[in-house]
J.: 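Sharing a structure, written as structure tokens. Questions coming.
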Amino acid sequence: MRYWLMKSEPDAFSIDDLKNCPKKTEHWDGVRNYQVRNMMRDDMKKGDLAFFYHSNCAEPGIVGIMTITREAYPDHTAFDPEDHHYDPKSDPDNPRWLMVDVTYKRHLKRNISLQELKQLNAQMPDFALLRKGNRLSVVPVEKEYWDFILGLE
DNA sequence: GCCAACGTTGGC
DNA sequence: GCCAACGTTGGC
């Protein structure tokens, strides 16, 4: 089993939005980066756990935990000209983009901000989230770091 | 294959 | 809103 961190802008889709979804489950659409797509396709498995991370907001950070409940399948939003993430080059017969389903598990007891994580960088020297220039919307989290971060709660 | 121009992410 | 740090596109 693997651990992940997945970013979402709370203005677009927050952890509370996920919690309020039917069955607390929603598809994680809109990934338009090949590296992230490949990770979802090759490495993300049903039962994996992921941190829900709020990005591009007043206090960026980890706010909760979700479970991967369906493995990668075609992202239909890429076929929809009305969709913000429409990609005319994604062919329904050979989809370019994939998504997974995620299910709300719980909020963290408190938000763990990016600022706090940065201060602990020395204890998580290989955390992809903290790497300079990192812009991937999904990053793997080593189990050691996962446990460490949960220990901060 | 190179690289300039452009688009996006996301912290601040 | 600014801008650094990418990734992508497309001409050559």
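Proteins get letters first, then strands, A, B, ... in listed order; numbering begins at 1 in each. FYI, side chains are in, hydrogens and waters are out, and symmetry mates aren't considered; it's all heavy atoms of this structure.
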J.: Between A:Asn134 (CG) and B:dG10 (C1'), how many Å, whole number?
T.: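 The answer, rounded to whole Å, is 10 Å.
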J.: Just compare C:dA5, C:dG7, B:dG11 and give me whichever is closest to any side-chain atom of A:Asn56.
T.: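 Closest nucleotide among those given: B:dG11.
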J.: Distance check needed: B:dG10 P versus A:Gln115 CD, whole Å only.
T.: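 Computing the A:Gln115:CD to B:dG10:P distance gives 19 Å.
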J.: Record whether the side chain of A:Arg32 comes under 3.5 Å of the base of B:dT8 through a donor-acceptor pair of N or O atoms.
T.: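 Result: no qualifying N/O pair found.
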J.: Tell me which one of A:Asp17, A:Thr67, A:Ile15 satisfies side chain to side chain contact (heavy atoms under 4.5 Å, CB included) with A:Tyr104.
T.: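 With A:Tyr104 as partner, side chain to side chain contact (heavy atoms under 4.5 Å, CB included) holds for just one option, A:Ile15.
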J.: With a 4.0 Å limit, can you tell me whether A:Lys132 has a side-chain N or O closer than that to the phosphate oxygens OP1/OP2 of C:dA4?
T.: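 No, because none of the side-chain N or O atoms of A:Lys132 sits under 4.0 Å from OP1 or OP2 of C:dA4.
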J.: When the nearest nucleotide of DNA chain B is assigned to A:Gly30 and to A:Lys118 on a heavy-atom basis, which residue is associated with the more 5' position?
T.: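 Closer to the 5' end of DNA chain B: A:Gly30.
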J.: If I take atom CG in residue A:Asn33 and atom P in nucleotide B:dG7, what distance separates them, rounded to the nearest angstrom?
T.: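 In whole Å, B:dG7 P and A:Asn33 CG are 18 Å from each other.
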J.: Nearest 0.5 Å please: distance from the CE atom of A:Met124 over to the CD1 atom of A:Ile149.
T.: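 Here the interatomic distance stands at 4.5 Å.
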J.: Without decimals, in angstroms, what is the distance between A:Ile62 CD1 and B:dG11 C1'?
T.: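 About 16 Å, once rounded to whole Å.
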J.: Nearest whole angstrom, please: distance from the C1' of B:dG7 to the NE2 of A:His84.
T.: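 Those two atoms, NE2 and C1', are 11 Å apart.
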J.: Do the non-hydrogen side-chain atoms of A:His76 and A:Met99 ever get within less than 4.5 Å of each other?
T.: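 They are in contact (side-chain heavy atoms under 4.5 Å apart), so the answer is yes.
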J.: Would you say A:Tyr53 reaches B:dG11's phosphate, i.e. side-chain N/O to OP1/OP2 under 4.0 Å?
T.: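 Affirmative; the distance criterion is met.
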J.: Could you check, using the six-membered ring where one of them is a Trp, whether A:Trp97 and A:Tyr34 have ring centers closer than 6.0 angstrom?
T.: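 Yes, the ring of A:Trp97 comes within the 6.0 Å limit of the ring of A:Tyr34, centre to centre.
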J.: By the 4.0 Å heavy-atom rule, please label A:Glu9 as base, sugar-phosphate, or nothing.
T.: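 Answer is nothing: A:Glu9 stays at 4.0 Å or more from every strand.
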J.: Within this structure, what is the CZ-to-P distance between A:Arg135 and C:dA5, rounded to whole angstrom?
T.: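 Value for this atom pair: 11 Å.
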J.: OP1 or OP2 of B:dT9 less than 4.0 angstrom from a side-chain nitrogen or oxygen of A:Lys7, does that happen here?
T.: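 No, no such contact exists.
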J.: Please pick, from C:dT9, B:dG11, C:dG7, the nucleotide with the shortest atom-to-atom distance to any side-chain atom of A:Leu114.
T.: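 Among the listed nucleotides, the one closest to the side chain of A:Leu114 is B:dG11.
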J.: Choose from C:dT8, C:dA5, B:dG10 the nucleotide whose nearest atom is closest to any side-chain atom of A:Tyr34.
T.: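 Among the listed nucleotides, the one closest to the side chain of A:Tyr34 is C:dT8.
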J.: Rounding to an integer number of Å, can you tell me how far A:His54 NE2 sits from B:dG11 C1'?
T.: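 Computing the A:His54:NE2 to B:dG11:C1' distance gives 16 Å.
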J.: In terms of the nearest nucleotide of DNA chain C, which residue is placed more toward the 5' end: A:Lys89 or A:Gly133?
T.: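 The residue whose closest nucleotide sits nearer the 5' end is A:Gly133.
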J.: Let me know the distance between CZ of A:Arg96 and C1' of C:dG7, rounded to the nearest Å.
T.: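 Distance check: A:Arg96 CZ to C:dG7 C1' gives 13 Å.
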J.: Mind running side chain to side chain donor-acceptor pair (under 3.5 Å) on A:Asp16 and A:His107 for me, showing each step along the way?
T.: CA-CA 9 Å; A:Asp16 292 308; A:His107 278 70; 3.2 Å; yes
